[in-house]
Amino acid sequence: MTKDIRVRFAPSPTGPLHIGGVRTALYNYLFARHNKGKMILRIEDTDQARFVPGAEEYIVEAFKWCGIEFDEGIENGGPFGPYRQSERKGIYLDYAAELVRKGHAYYAFDTPEALEKMRKELEEEGARYTSYNAHSRMRMKNSLSMPNDEVKRRLSAGEPYVIRIRIPEGEPIRFHDMIRKDVEVDPATLDDKVLYKSDGMPTYHLANVVDDHLMKITHVIRGEEWLPSLPLHVLLYRYLGWEDSMPEFAHLPLLLKPDGKGKLSKRDGDRLGFPVFPLQWTDPKSGEVSKGYREDGYFPDAFVNMLALLGWNPGTEQEIFSIEELISQFSIERVNRSGARFDPEKTKWFNHQYLVNKSDAEIANEFASIVASKGYQVPGTGFLEKVVNLVKERVNFVHEIWDQASFFFVAPETYDEKTVKKRWKENTGQLLKEVLEVITASDPFERDPIHDKVAAYLEEKEIGMGQVMIGMRICLVGSGTGPDLFTIMEMIGKEETVERMEKGIQKIG
RNA sequence: GCCCCGUUCGUCUAGCCAGGUCAGGACGCCAGGUUUUCAUCCUGGUAACAGGGGUUCGAAUCCCCUACGGGGUACCA
């Protein structure tokens, strides 16, 4: 019997969650569900300066929209709470102190100015590494470089201090990543990172390791930006005596800009006109609004499907997956190693696929509120479903149905000039009058009989369908494009058909 | 600068670990067909193993170097 799988997503509430973060959470979720494990939501709010009001609520709401559910966390609690690091503040100092006692960490009293000065000096000396490390620590003010009683005096006087890890010299640190396989790092390239800050809060590194251990996390699935600090984390597990139960790690490739260089950022969305966030976000300070996938009309399942395929695939040619299929087919081993350039176009294609595959009833239900928002009376569901069925294959979003089908609700006020100019001939008006008579004579006033009558009439007069259809279309819908015209006639009814035709013939001439 | 990770069509990627297929699929784009129009749909096309060395009968696949890309290098996460 293997131990129960437990994974976590641990965002920092410093702003809205970007789609890269959503994907990381999604992979955690898929992995947890696939292995019948638990998924935990932990908030890493150890940096009070970067705290943004509303960010945590945003994160929770975003996951609700996506359908990513948590078994434990800030929302639903659990046996390993609290799940907000600021509320766990009291537990970290003991672990840092334990490391000091064991000789793996030390107190440091350096001011920011002193640190700056050290870096400058090291740079001028042409040192290979300019960080706080084995070569520079002895020239700084810390419990390694100062006499014991001096350290005690400063501590008892309440002087501000931090606790730094003491990076060892010697043997390479070896570790394994589920995606990147075996990695080896020379400790000389590491620095004595701060573990415990002078404000009484742990840094990410300490809090992360302590909480993952305490919460019995078995697999850490996170972004690639954390790979360089993994050796530090491995050291922490080792020094805290937890190496045997250390989680397995998987570092995910990053999402890259659709064009140019670098990782995907909020600016790219603004610049290229696509959302970078799941939900719309209003910055509480600047009031600046960023687009969201939800507000832009994406279906959550299409959005999740798209994200899942950005860096992972099951090795088959399947591209459309329900969440259940994703869960059953997902595996960390099939996650890519290289960064994925984000493609907003394919994202639209995914939405189109979902739109087409959803039932007319479901789409009609959503479309009803759009009709209402335009200020028109919402017709019966039967009519709405017919409308949806006629145009849904031509659009990517539900709101685009309006652009394709507004003529079902309101007669055209204007007629597309280009089409009129190109297709409305000298005799079109007269011809349409004749055809209209044929149309009105149709009983019942339904698609097939109307069509057959018109076809027969035109054949007799030896006139091509094309000559008449465009003119009628302009009168009925205002443009030269759209779904089957005879169906439109049946749907808007005889009276409306006649009215629009006569008005069009008169106005265009 | 230094450290770590990576590199297959324009983009997402399959193939790589266990060397031998015309390097496959999807998005986009282009062309043709269907259609009363447009879209859908169908058919076809476009286009890639970063470069150089090895190893081997044979390399996208294994090894090395270079180039390029990404990340990290905070009392941020």
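Residue numbers begin at 1 in each chain, while the letters A, B, ... track the order of the sequences. Because the structure is a prediction, the values reported are computed rather than measured.
Contact annotation: side chain of A:Lys346 to base of B:rA26, donor-acceptor pair present below 3.5 Å. Below the 3.5 angstrom threshold, one finds a donor paired with an acceptor across the side chain of A:Arg50 and the base of B:rC76. A donor-acceptor contact under 3.5 Å links the side chain of A:Ser198 to the base of B:rC75.
No side-chain N or O of A:Asp211 forms a donor-acceptor pair with one of A:Tyr83 less than 3.5 Å apart. There is a side-chain donor-acceptor pair under 3.5 Å between A:Asn389 and A:Asp360. With 3.5 Å as the limit, one finds a donor-acceptor pair spanning the side chains of A:Asp192 and A:Tyr106.
Between B:rA77 and A:Thr46, a contact under 4.0 Å exists linking OP1 or OP2 to a side-chain N or O. Here A:Lys261 reaches the OP1 or OP2 of B:rG69: one of its side-chain N or O atoms lies under 4.0 Å away. Between A:Asn336 and the phosphate of B:rU13, there is a side-chain N or O to OP1/OP2 separation shorter than 4.0 Å.
When the C1' atom is compared between B:rA18 and B:rU11, the two are found 31 Å apart, to the nearest whole Å. Annotation: B:rA14 and B:rA48 have their C1' atoms spaced 13 Å apart (nearest Å). The separation of B:rU56 from B:rC63, taken at their P atoms, amounts to 16 Å, rounded to a whole angstrom. For B:rC27 and B:rC2, the P atoms lie 44 Å apart once the distance is rounded to whole Å. Taking the P atom of each, B:rG52 and B:rC30 are spaced 34 Å apart, rounded to whole Å. Taking atom C1' in both B:rG69 and B:rG51, the straight-line distance is 15 Å, to the nearest Å. Rounded to whole Å, the separation between the P atoms of B:rU13 and B:rU7 comes to 11 Å. Of the P atoms belonging to B:rG33 and B:rA39, the separation is 14 Å, rounded to the nearest Å.
Looking at heavy-atom distances under 4.0 Å, A:Lys181 makes no contact with the nucleic acid at all. A:Pro483 comes within 4.0 angstrom of a nucleotide base, judged by non-hydrogen atoms across all strands. A:Gly311 comes within 4.0 angstrom of the backbone, heavy atoms only, and of no base. Backbone-only contact: A:Thr189 has heavy atoms under 4.0 Å from sugar-phosphate atoms and none from a base. Residue contacts shown for A:Val356 are absent, as no nucleic acid heavy atom lies under 4.0 Å away. Backbone-only engagement by A:Met465 is indicated by non-hydrogen atom pairs under 4.0 Å involving sugar-phosphate atoms exclusively. Contact annotation for A:Arg473: base contact, defined as any heavy-atom pair under 4.0 Å involving a base atom. Across all strands, A:Leu485 comes closer than 4.0 Å to base atoms (heavy-atom distances). Using a 4.0 Å heavy-atom criterion, one finds that A:Val194 contacts the sugar-phosphate atoms exclusively. Across all strands shown, A:Gly464 has no heavy atoms under 4.0 Å from either base or sugar-phosphate atoms. Using a 4.0 Å heavy-atom distance criterion, A:Lys263 is classed as a sugar-phosphate-only contact.
A heavy-atom distance below 4.5 Å is not found between the side chains of A:Asp416 and A:Ile474.
Protein atom CH2 of A:Trp349 is 17 Å distant from nucleotide atom C1' of B:rA39, rounded to whole Å. Between the CG atom of A:Leu190 and the C1' atom of B:rG72 there is a distance of 11 Å, given to the nearest Å. With rounding to whole Å, A:Asp177 atom CG is found 14 Å from B:rG71 atom C1'. With rounding to whole Å, A:Met140 atom CE is found 14 Å from B:rA74 atom C1'. In this structure, CZ of A:Arg164 is placed 13 Å from C1' of B:rU73, rounded to the nearest angstrom. Distance A:Ile163 CD1 to B:rA74 C1': 18 Å, rounded to the nearest Å.
In this structure, of B:rU40, B:rG15, B:rA77, it is B:rU40 that holds the atom nearest to the side chain of A:Glu393.
Under the Watson-Crick and G-U wobble criteria, each requiring two contacts below 3.5 Å, nucleotide B:rG69 is paired to B:rC5. Of all nucleotides present, only B:rG10 satisfies the Watson-Crick or G-U wobble test against B:rC27, with each distance under 3.5 Å. Base pairing of B:rU35 is not made with any nucleotide, judged by Watson-Crick or G-U wobble geometry with both donor-acceptor distances under 3.5 Å.
Taking for each of A:Val185 and A:Pro160 the nucleotide of RNA chain B with the nearest heavy atom, the 5'-most of the two is the partner of A:Val185. When the nearest nucleotides of RNA chain B are assigned to A:Lys197 and A:Glu184 by heavy-atom distance, the more 5′-ward of the two goes with A:Glu184.
Note that OH of A:Tyr354 and OH of A:Tyr298 are 14.0 Å apart. Values are rounded to the nearest 0.5 Å.
The aromatic rings of A:Phe330 and A:Trp312 sit tilted, their planes meeting at an angle between 30° and 60°.
Judged by distance alone, the side chain of A:Arg334 and the main-chain N or O of A:Asn313 form a donor-acceptor pair under 3.5 Å.
Screening A:Arg222, A:Arg337, A:Arg180, A:Glu225 for a side chain to side chain donor-acceptor pair (under 3.5 Å) with A:His251, the sole residue that qualifies is A:Arg222.
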